[in-house]
Amino acid sequence: MPTGEQIRQPAGVIHDIGYQRYNGVRLGRAHATRSLYVHGVRTVFGLGRGAKSKVFPWFAAAGLLLFAVVDVAVRSQTGTMPIHYLDLAKDGVLLVLLFIATAAPELVSRDLRNKTLPLYFSRPLERIDYAVAKLCALATGVFAILAAPMLVIFIGGAFSLDGGHAVWHEFTDFLGGLVLAAIIAIVDAAVALLIASLLRRSAVATAVIAGYFLLTAAIGGAIEGIVGGDTGKNVGRMFSPPSIVDGLKEWIFRIQGTDLGSFGPVYLAITLAMTGVAIALLFLRYRKVSV
Amino acid sequence: MIEAQALTMRYGGRVTALDTLTVTVEPGVIGLVGANGAGKSTLIKLMLGLLTPTSGAVRVFGLDPLRDGESIRARVGYMPESDALPPDLPAAEFVTHMGRMSGLPAAVARERASETLRHVGLYEERYRQIGGYSTGMKQRVKLAQALVHDPDLLLLDEPTNGLDPAGRDGMLTLISRIGTEFGIAVVVCSHLLGEVERICDTLVAIEAGRLLRADRIDAMTTVQGVLAVEVDEGTDVLAARLTELGLRVARDAQAERLLLVPLESDRTYDTIMQAVADLDLPLHRLDERRHHVSELFAQRSGSVEEVAEHAHR
């Protein structure tokens, strides 16, 4: 109920009501971490920021979506799928790399360069929460740019299939694709974020991440060439994060026409070790960073 | 509110930033003064739990920052000395984000960010990117992000750094309002004593990591029993006349035109007024003189000269 005093005040006049103390609810550490995660996902896609921040993430996302659209179109005409769910990340590896190499520095290098970390660490969230939120944000971004085109492929495919059984089969393939996308997201995000967390300058961080992924791929390629055969191929794939996951994929999903030999568990071990070490070092980095 | 017990902080085992500092501070507007490198920033970071003390302990709101850091940090706002802002975000967006980081629900954070930016005088510009702001505006955004969650204690590290005289005055007035009108306890770090003594009710002076003095400012600026007389012209004539009248007149060491007369009785006032009137001199001021805080520090320890010197500039 407005009081008589309030009614008499003319409309449209701003009154300085003075400072208001806040007596409402204060949510703690978990809320702060969740908010930082949401802020991070927005940052990854350049939302709430200038047009310049949107160029790389949306170019990569659009490129992968284009793969999906072409895939659906070809499939509706010929009935065959040029790009399977499980091949999307491999065929679009450069787009994923572009995305991750530009997004990781946006998430963490900027906070180092702008010296924003003291503002975070003087708040309820702990240092490890910061690292977890940023890691999850980057992984979510990678997962999203892979999952979206898979969804397009699935929806497009479901319309051209007859029978519930065929659609169910398609659905399990789609789910397999999502699982792979999640694995790629976590592995790539951990490695890229660790690199970016050590570098203040975004451009340098982008270059080092891209350099790391491409150089390890090149080394792997050279080893494959020198050793030769299936052994050469498998050993060669053990350096670059995307190709390690590719080997793991062939083992988990029992892909036809590949000769993994006994390398399957090795891929799993390397994936786990690489990701675990990267995440551990990332946490250590933020525990040690001085503010 | 803040208690430090033999607080010692060494960096890398060599540089001693704080040396067995023991001090207790009650709420109010507290000036933490000392030369650059005296250990002010270190003390603040220890209070936030950003650093672990080498030995000794500090308690804020009766809590240990190392064990109950989350509870302390939820009730404290911190404005660091260095730049700490992302240039490509609008102030409203950034302060909202920082409000959420302090535990405010999403919608409340947005509302309070607008309110806080209005209080620091950035309402009109709040949707502009911070990168385009002047130094003074950036300092205000830094203050706003420390204030957005309505803390019980504000820790401000050199808030007037890089500001022009008008900007300094504005910032100091704002801090003073936060302490008095908003009812939030404030610790203001500064290497400029003259600046903080204007707005503080308590002063803590540290030097080379040791406590120099901590007291309420009114206890430091006690009445001295000396009258200061200043006339716009004819200082010498007046001095001669007052001496004739039997008063012990001295010249102030720093201000030539200022005559210092011991306040011997109530009649001293009248005598001086009468002399000025008889000589028909333009009286500029006649008041009882108080110690300048900086002089007090200088008297206690010659080593604070640097601080005092800054204060006079």
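Lettering of chains follows the sequences in order, A, B, ..., and the numbering in each one begins at 1.
- Surrounding CD of B/Glu3 are more than 12 heavy atoms belonging to other residues, nucleotides or ligands, all under 6.0 Å away.
- Contacts between B/Gln145 and chain A at a heavy-atom distance below 4.5 Å involve backbone atoms as well as side-chain atoms.
- Between the side chain of A/Arg26 and the backbone N or O of B/His149, at least one donor-acceptor pair lies under 3.5 Å.
- Across every non-hydrogen atom of B/Ser102 and A/Pro124, the tightest pair is CA-CD, 3.8 Å.
- Atom-to-atom distance recorded for A/Ser122:OG and B/Met98:CE is 8.0 Å, nearest 0.5 angstrom.
- Expressed to the nearest 0.5 Å, how far OG1 of B/Thr116 lies from CD of A/Gln20 amounts to 11.0 Å.
- For B/Ile184, the parts lying near chain A are the backbone and the side chain together; criterion is any non-hydrogen pair under 4.5 Å.
- With values rounded to the nearest 0.5 angstrom, B/Arg100 atom CZ is found 12.0 Å from A/Leu36 atom CG.
- Closest approach of B/Val108 and A/Tyr22 over heavy atoms only: CG1-CE1, 3.5 Å.
- Under the 4.0 Å criterion applied to side-chain N and carboxylate O atoms, B/Arg73 and A/Glu126 are assigned as salt-bridge partners.
- For chain A, no part of B/Lys142 is nearby; none of its heavy atoms comes within less than 4.5 Å.
- By the 6.0 Å contact criterion, CZ on B/Arg128 is enclosed, its count of non-hydrogen atoms from other residues, nucleotides or ligands being greater than 12.
- Distance check: B/Leu85 CG to A/Thr116 OG1 gives 7.5 Å after rounding to the nearest 0.5 Å.
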- Where do A/His39 and B/Phe94 land on the ring pair (Phe, Tyr, Trp, His ring centres under 6.0 Å) test, with the steps shown first? CA-CA 10 Å; A/His39 184 78; B/Phe94 180 67; 8.2 Å; no
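- Annotation: B/Tyr11, atom OH; neighbour count of heavy atoms from other residues, nucleotides and ligands within 6.0 Å is above 12.
- Comparing A/Arg49, A/Arg123, A/Lys52 by heavy-atom pairs within less than 4.5 Å of chain B, the highest count is held by A/Arg123.
- With a 4.5 angstrom heavy-atom cutoff, B/Arg112 touches chain A only via side-chain atoms.
- By number of non-hydrogen pairs under 4.5 angstrom with chain A, the leading residue of B/Gly77, B/Ser82, B/Pro87, B/Pro105 is B/Pro105.
- One finds a salt bridge joining A/Arg21 and B/Asp150 here, because a Lys/Arg side-chain nitrogen approaches an Asp/Glu carboxylate oxygen to under 4.0 Å.
- Of the residues considered (A/Gly28, A/Pro118, A/Ser35), A/Ser35 shows the highest number of contacts with chain B, using heavy-atom pairs under 4.5 Å.
- For B/Leu50, the parts lying near chain A are the backbone and the side chain together; criterion is any non-hydrogen pair under 4.5 Å.
- Across all their heavy atoms, B/Pro86 and A/Asn114 have their closest contact at CA-ND2, 3.4 Å.
- When all heavy atoms are compared, the tightest approach of B/Leu89 to A/Gly48 is CD2-O, 4.0 Å.
- Atom CZ of A/Phe56 has 12 or fewer neighbouring heavy atoms from other residues, nucleotides or ligands inside a 6.0 Å radius.
- Rounding to the nearest 0.5 Å gives a distance of 6.5 Å between CE of B/Met101 and CG of A/Leu125.
- If you measure heavy-atom distances from A/Arg113 to chain B, you find no contacts under 4.5 Å at all.
- The two residues B/Tyr78 and A/Leu119 make their nearest non-hydrogen contact at O-CD2, 4.1 Å.
- Contacts of B/Asp152 with chain A are made by both backbone and side-chain atoms, with heavy-atom separations under 4.5 Å.
- Using a 4.0 Å cut-off between a side-chain N of Lys or Arg and a carboxylate O of Asp or Glu, A/Arg110 and B/Asp88 qualify as a salt bridge.
- Counted within 6.0 Å of CZ on B/Arg168, heavy atoms from surrounding residues, nucleotides or ligands total more than 12; the atom is thus considered enclosed.
- Aromatic ring orientation, B/Phe182 versus A/Tyr19: parallel (interplanar angle below 30°, classes split at 30° and 60°).
- Here the CZ atom belonging to A/Arg42 is positioned 10.5 Å from the NE2 atom belonging to B/His97, to the nearest 0.5 angstrom.
- For B/Leu147, the parts sitting under 4.5 Å from any heavy atom of chain A are the backbone and the side chain alike.
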